[in-house]
Chemist: 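My questions all concern the structure below.
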Amino acid sequence: MNPKLFLVLRVIFSVFLIFFGLDHFFNYIPFPEMAPEANAYFANLLSTYAMHIVGVVEVTAGLAFLFNKFGAIMALILMSVSINAVLFHLSLDPEKIYGALVLLILNIIFLYHYRKNYTALLKPV
């Protein structure tokens with residue numbers, strides 16, 4: 001991938017992650033209306049502070065990508081958040097899946113970019 005294009009994507013993805021990750025703590029984005037099932041599930045996630053963990057992962061990943069440190073490992077860790085966000089919206093709130101899809105697509109791009117860092121993980125023992 002073109003290094004300048006990757007730099008632009010890295011900065012955009014970093015800002016995206018930090019902005020939405022900090023919202024889990026400061027609640028500055030108005031909460032959208034969701035289906036009753038989605039509201040119930042999300043309320044359970046909030047009551048167990050699971051969304052705070054998601055916020056920590058997003059902010060940490062955003063900072064890692066922004067400063068270009070530990071990006072490969074953060075892309076792997078962030079994949080769990082990306083997949084769960086897509087599955088949540090796919091099954092409970094499909095009308096609002098677009099942000100989760102952007103997160104997943106950018107995460108896949110970053111995993112692909114860092115693919116050479118994963119060769120040691122994928123070698124047979």
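Computed from a predicted structure; not experimentally measured. Atoms considered below: every heavy atom in the structure, side chains included; atoms not considered: hydrogens, waters and symmetry mates.
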Chemist: Please check if L66 and L7 belong to a single hydrophobic cluster, counting links between Ile, Leu, Val, Met, Phe, Trp and Tyr side chain heavy atoms closer than 4.5 Å.
Modeler: no
Chemist: Taking the side chain as every heavy atom from C-beta outward, state whether L63 and F67 have any atom pair closer than 4.5 Å.
Modeler: yes
Chemist: Quick check on the hydrophobic clustering: are V15 and L103 connected, directly or via other members, by side-chain heavy-atom contacts under 4.5 Å?
Modeler: no
Chemist: Under the criterion side chain to side chain contact (heavy atoms under 4.5 Å, CB included), I'd like the reasoning laid out for M74 against T60: C-alpha separation, chi angles, the key distance, then a yes or no.
Modeler: CA-CA 8 Å; M74 289 312 299; T60 305; 3.8 Å; yes
Chemist: Side chains of F19 and Y28: does their closest heavy-atom pair fall under 4.5 Å?
Modeler: yes
Chemist: Hey, mind stepping through L17 and V59 against side chain to side chain contact (heavy atoms under 4.5 Å, CB included) and telling me if it holds?
Modeler: CA-CA 6 Å; L17 289 169; V59 170; over 6 Å; no
Chemist: Is there a path of hydrophobic side-chain contacts, each under 4.5 Å between heavy atoms of I/L/V/M/F/W/Y residues, joining L76 to L87?
Modeler: yes
Chemist: For the side chain of K96 and the backbone of P32, is there at least one donor-acceptor N/O pair under 3.5 Å apart?
Modeler: no
Chemist: Look at the side chain of S80 and the backbone N and O of I77, then say whether any donor-acceptor pair between them is shorter than 3.5 Å.
Modeler: yes
Chemist: Run the side-chain donor-acceptor check on residues 112-125: report pairs under 3.5 Å with partners two or more places apart or on a different chain.
Modeler:
residue	atom	partner	partner atom	Å
R115	NH1	Y112	O	2.8
Y118	OH	A72	O	2.7
T119	OG1	K116	O	3.2

Chemist: Kindly indicate whether the side chain of D93, heavy atoms from C-beta on, has any atom under 4.5 Å from the side chain of I97.
Modeler: no
Chemist: Going by heavy atoms in the side chains, are F42 and E37 under 4.5 Å from each other?
Modeler: no
Chemist: Shared ILVMFWY cluster between I29 and F88, side chains joined below 4.5 angstrom?
Modeler: yes
Chemist: Hey, is CZ on F70 packed in by over 12 heavy atoms from elsewhere, all under 6.0 Å?
Modeler: no
Chemist: Quick check: do N68 and R10 have side-chain heavy atoms less than 4.5 Å from each other?
Modeler: yes
Chemist: Side chain to side chain contact (heavy atoms under 4.5 Å, CB included), that's the test. Do E58 and I18 meet it? Break it down for me.
Modeler: CA-CA 6 Å; E58 288 177 345; I18 293 168; over 6 Å; no
Chemist: On a heavy-atom basis, which atom in G62 and which in S14 lie closest, and how many Å separate them?
Modeler: O-OG, 3.2 Å
Chemist: Can you get from V56 to V54 by hopping between Ile, Leu, Val, Met, Phe, Trp and Tyr side chains that sit under 4.5 Å apart?
Modeler: yes
Chemist: Of the options L106, I105, L104, which is the one that meets I108 in a side-chain contact (heavy atoms from CB on, under 4.5 Å)?
Modeler: L104
Chemist: At their closest point, which heavy atom of H89 faces which heavy atom of A100, and how far apart are they?
Modeler: CD2-CB, 3.8 Å
Chemist: Roughly how far, to the nearest 0.5 Å, is CZ of F31 from CG of D23?
Modeler: 9.5 Å
Chemist: For the residue pair H52 and Y49, establish whether any side-chain heavy-atom pair is separated by less than 4.5 Å.
Modeler: yes
Chemist: Distance from I53 atom CD1 to T48 atom OG1, nearest 0.5 Å?
Modeler: 7.5 Å
Chemist: Treating N107 as the side-chain partner and L78 as the backbone partner, does any N or O pair qualify as donor plus acceptor under 3.5 Å?
Modeler: yes
